[in-house]
A.B. asks: 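Starting off with a structure, shown below.
Since this is a predicted model, take the numbers as computed values, not measurements.
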There are 4 protein chains.
Amino acid sequence: MASSRGHLKNSSPAPKRAYESLLRAGTELMARDGLDGVNTNTIARAARVGVGTFYQHFGDKFALHRAIVQRGLEGLQQRLAEAHRASKERALEDQVRAGLVALVGFAQEQPDLFRATFGRSAAAARLGLSPRPLERRLRDQLEQGQLHPAVEPRIAARAFMEMQVRSVVHWLEDADQLSPKALIETLTRLHPVIAGKR
Amino acid sequence: MASSRGHLKNSSPAPKRAYESLLRAGTELMARDGLDGVNTNTIARAARVGVGTFYQHFGDKFALHRAIVQRGLEGLQQRLAEAHRASKERALEDQVRAGLVALVGFAQEQPDLFRATFGRSAAAARLGLSPRPLERRLRDQLEQGQLHPAVEPRIAARAFMEMQVRSVVHWLEDADQLSPKALIETLTRLHPVIAGKR
Amino acid sequence: MASSRGHLKNSSPAPKRAYESLLRAGTELMARDGLDGVNTNTIARAARVGVGTFYQHFGDKFALHRAIVQRGLEGLQQRLAEAHRASKERALEDQVRAGLVALVGFAQEQPDLFRATFGRSAAAARLGLSPRPLERRLRDQLEQGQLHPAVEPRIAARAFMEMQVRSVVHWLEDADQLSPKALIETLTRLHPVIAGKR
Amino acid sequence: MASSRGHLKNSSPAPKRAYESLLRAGTELMARDGLDGVNTNTIARAARVGVGTFYQHFGDKFALHRAIVQRGLEGLQQRLAEAHRASKERALEDQVRAGLVALVGFAQEQPDLFRATFGRSAAAARLGLSPRPLERRLRDQLEQGQLHPAVEPRIAARAFMEMQVRSVVHWLEDADQLSPKALIETLTRLHPVIAGKR
DNA sequence: AATGAATGAGATTTCATTCAT
DNA sequence: TATGAATGAAATCTCATTCAT
């Protein structure tokens, strides 16, 4: 936790130590207990900040949750975009794998953020990780006869988005965790783009 | 509810009108608002029963939820067992499809029960729908070289269990619902037993 | 507890099995948890009787308690009266001892009844064990110059009544109980009629 | 809006007006109605404080009672220790009397605190006023042949502790109160150290 | 900006009591 | 008489939110 002691003053215009502290504490607690399992007082205490300070930064518990989810999604989307960019010329399977590598890598680096974002309150996922791109891709494949005609793109896209994310959550919470490689390869094989191939 | 008094025998030892009423109201409300979105007062009122009556039958909100989940799982498991029995001599794909027909059929007949059981508080699913049988089957296939070796049975089993159930929940809640046929066929194609085939 | 088994039917006009059962259960529970620590439902269940039956016999919890206390006091007073009759020609110390023998004997035979009557809700004692006779006796002794003039009869009488009874309760509840003899002799020595002698 | 920092000092780290107010109100009500006779709402109202404030300071009714008892015992023990120190060179009877003067003096000055601590819920006394010191003293006297051999120190010590305290409670609650002098002298005469002398 | 004591609306829970059978 | 499911008033307790400092 690199804190800027040693300087004369804090250098950045608005350090927002309290804000960051609340975000961090909230992430940790919501990862563990879910949105409905924590309360503002507990979060403030964990952040070593007064309750009042909480309300100075966030309108309520849900605003904090939204901020966490947003941060989680931003980081993830950035990684996914990068993975997409880097792999879009490669084979389909490699593209899928690259996306999963990004997803699992992100989850490994920030497990609490991942769980707070995609854990219990799964509704959060809807806020930002849209199944639409996947749905479009599946529809394309379908039109080109590369996908089994019984696969309905809308259903398959949504189903896989949820599955992906929930599988990673389970994996994070599993006591005897299998290797990230196993997780990535398994989900790759089950990806509709691959699995649904005719 | 035909109050069949005056008959030769009482069919059950205690009428427990309130119990059934609470279970029904709880199912409806939890389907709509989730476990964390309801409170005992509301449930009691909806069941047209005194608050105290709630506590006479259930220790707390969670006990009611457990009772609902149990009822949901019992009905579902029975249907699944039947489907399994009826299809076990048939082709693999037919077996998978039969299971999904049973699942979707159950969800269609008792949508509130299904949503209350598998909705938001997805954790509930763990109480009864074990991924172990599927895991075992995948492991068998793997050993017989029928499954892509990169598929890890434990992960795949859990992933699909969740996907299945959450897809049905989404489907139930979707305003412009696609046909049950589309749902069943799509999930069949994505089932690891089929999708993971080498 | 001589119960009239052996007859074809209960011989007494109203056997009141439920009544006795409630009294017994109430005594046991109130001895353990005190008047405020039990509730009517619990008592009825312990008595293996319906709640409604409780109210058929006792107006409320306090009525039951009163009945218990009354029964306790009746039994005790009878024993004390007997002890008094048998010892009134003997020496003062012997009279005191005889009373304590009766008290402790009663407590030993019916510990729950004793505790329910004189335990926590000490107020009950006031209902029946009056300090007046002792007060009168002390006043007599005082007038005859046999008691230390600083001893105020009213205070001494009440003090000793409480002490006696609470000492026996403690003794009953004490895990490593001393002999009844020790209890009796100690209280005899501390009895104001003896202790206050000049 | 005047930011009142810069004043001399804040006398205590937290003002805790409500805490004191609750302690005071609780003492008054528990003195009158006993622990089982009050409820948190009533206490909060009497303290002119919100219900929530009660729970901010005390986990429940019993925690408040414990705090009251502790406060009662602290004050009392201090006084008793002082009395002991001041009289330990004097005659035995004077020592006993000094202790009683302290006890009764304390009860007179803080009758509610005394009754809340030693009243109905006598169990509280066990929390702090140990009969052990008295027991030890009696044992010494016994060994030196100054005490009647029939007196069992453990029983006598406990008996007298209770008697003392309950006599003072009765005295406080007695409408036509006798003089404190009478109370003190009577209890002095009944004290086992004096009364049990051979 | 930061604080945390104070708040009260509302959720949870208990229990004496009733009443239809 | 006996029953026990049903009841709701009241007690217990939680927590998001405010506000004076």
A.B. asks: Between P on dC15(F) and CZ on R45(A), what's the gap in Å once rounded to a whole number?
C.D. replies: 11 Å
A.B. asks: Mark yes or no for whether H65(D), through its side chain, and A116(D), through its backbone, hold a donor-acceptor pair below 3.5 Å.
C.D. replies: yes
A.B. asks: For the pair made of CZ in F54(A) and P in dT3(E), what is the distance, rounded to whole Å?
C.D. replies: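 That distance rounds to 14 Å.
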A.B. asks: For the pair Y19(C) and F58(C), name the ring-plane relationship: parallel under 30°, tilted 30 to 60°, perpendicular over 60°.
C.D. replies: parallel
A.B. asks: Once you round it to whole Å, what is the distance between P of dT14(E) and CG of D36(C)?
C.D. replies: 17 Å
A.B. asks: Answer yes or no: is there a donor N or O on one side and an acceptor on the other, between the side chain of T117(C) and the main chain of L113(C), under 3.5 Å?
C.D. replies: yes
A.B. asks: List the steps and the verdict of side chain to side chain contact (heavy atoms under 4.5 Å, CB included) for L22(B) and F54(B).
C.D. replies: CA-CA 7 Å; L22(B) 282 164; F54(B) 181 97; 3.8 Å; yes
A.B. asks: Paired with dC15(E) by Watson-Crick or G-U wobble geometry, both distances under 3.5 Å: which nucleotide is it?
C.D. replies: dG8(F)
A.B. asks: Starting at CZ of F58(B) and ending at C1' of dA5(F), how long is that distance when rounded to a whole Å?
C.D. replies: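 The distance from CZ of F58(B) to C1' of dA5(F) comes to 14 Å, rounded to the nearest Å.
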A.B. asks: Specify the separation, in whole Å, of atom CG of L22(C) and atom C1' of dT17(E).
C.D. replies: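 After rounding, the gap between these two atoms is 15 Å.
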A.B. asks: With nearest nucleotides of DNA chain E determined for V51(C) and N41(B) from heavy-atom distances, which residue corresponds to the more 5′ nucleotide?
C.D. replies: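 Residue closer to the 5' terminus by nearest nucleotide: N41(B).
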A.B. asks: Nearest nucleotide by nearest heavy atom, which residue falls closer to the 5' end of DNA chain F, T40(A) or R48(C)?
C.D. replies: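 Residue closer to the 5' terminus by nearest nucleotide: R48(C).
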A.B. asks: Taking pairing as Watson-Crick or G-U wobble with both contacts under 3.5 Å, can you name the mate of dA1(E), or confirm there isn't one?
C.D. replies: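 Base partner found: none.
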A.B. asks: Write down the distance between CZ (F62(C)) and C1' (dT17(E)), rounded to a whole number of angstrom.
C.D. replies: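 Distance, rounded to whole Å: 13 Å.
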A.B. asks: How close or far is atom C1' of dA11(E) from atom CG of N39(B), stated in whole angstroms?
C.D. replies: 6 Å
A.B. asks: In whole angstrom, give the distance that lies between atom CG of L35(C) and atom P of dA16(E).
C.D. replies: 10 Å
A.B. asks: Which comes earlier along DNA chain E counting from the 5' end, the contact point of T53(D) or that of D60(C), where each point is its nearest nucleotide?
C.D. replies: T53(D)
A.B. asks: Indicate whether OP1 or OP2 belonging to dA1(E) is found under 4.0 Å from a side-chain N or O atom of H57(A).
C.D. replies: no
A.B. asks: Ignoring backbone atoms, test whether Y55(B) places a side-chain nitrogen or oxygen under 4.0 Å from the OP1 or OP2 oxygen of dT14(E).
C.D. replies: no
A.B. asks: Would you say the side-chain atoms of K61(C) pair up with the backbone N or O of V38(C), donor to acceptor, closer than 3.5 Å?
C.D. replies: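 Yes, the answer is positive, given that a donor and an acceptor are paired below the 3.5 Å cut-off.
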A.B. asks: Can you work out whether K61(A) or Q56(B) has the more 5'-proximal nearest nucleotide on DNA chain F?
C.D. replies: Q56(B)
A.B. asks: Which nucleotide wins on minimum distance to the side chain of R17(B), given the candidates dA2(E), dA6(F), dT12(E)?
C.D. replies: dA6(F)
